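Structure first, then comments.
The structure displayed is predicted, hence computed values, not measured ones.
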Amino acid sequence: DILLQSVERLYPPIKRGGYVAVIDPADGRVIGVARALYDYRSIESLVEGLKRGSADPNAPVFENVFDLGCFVRGCRRR
């Protein structure tokens, strides 16, 4: 899962249950695909709550579908 504390930038539109690209902030490359657990406004609100200290930084906001890092490392899905 991708946790709230890992979200650096959001690119709308994001719909709950929809698929999004996971982008490496260091080089802008796509490193995975995830399914949104919330819509754009809800995630944006959670990010703002995190900045204020009122949201759980470990709350999952996206579910990993494909992780290039796991593909390269040979991770196994739980």
Q: Check the hydrophobic clustering (I, L, V, M, F, W, Y; side-chain heavy atoms under 4.5 Å; chains of links allowed) and say if Val7 and Ile23 are grouped together.
A: no
Give the table of side-chain donor-acceptor pairs shorter than 3.5 Å for residues 49-61, with sequence neighbours excluded, one pair per line with atom names and distance.
from	atom 1	to	atom 2	distance (Å)
Lys51	NZ	Glu48	OE2	3.4
Ser54	OG	Gly49	O	3.3
Asp56	OD1	Asn58	N	2.9
Asn58	OD1	Gln5	NE2	2.9

Q) What are the two closest heavy atoms between Leu68 and Val30, and how far apart are they? A) CD2-O, 4.4 Å
Q. Closest approach of Val22 and Ile2, non-hydrogen atoms and distance?
A. CG2-CD1, 3.5 Å
Q) Asn64 and Asp1: side-chain contact (heavy atoms from CB on, under 4.5 Å), yes or no, with the steps? A) CA-CA 5 Å; Asn64 275 329; Asp1 292 338; 5.6 Å; no
**Q.** Pairs flagged by side chain to side chain donor-acceptor pair (under 3.5 Å) wherever residues 15-25 is involved - sequence neighbours left out
**A.** Tyr19-Arg35
Side-chain polar contacts of residues 36-44 - donor-acceptor pairs under 3.5 angstrom, sequence neighbours left out - could you list them?
from	atom 1	to	atom 2	distance (Å)
Asp39	OD1	Arg41	N	3.4
Asp39	OD1	Ser42	N	2.8
Asp39	OD1	Ser42	OG	2.8
Tyr40	OH	Glu44	OE2	3.1

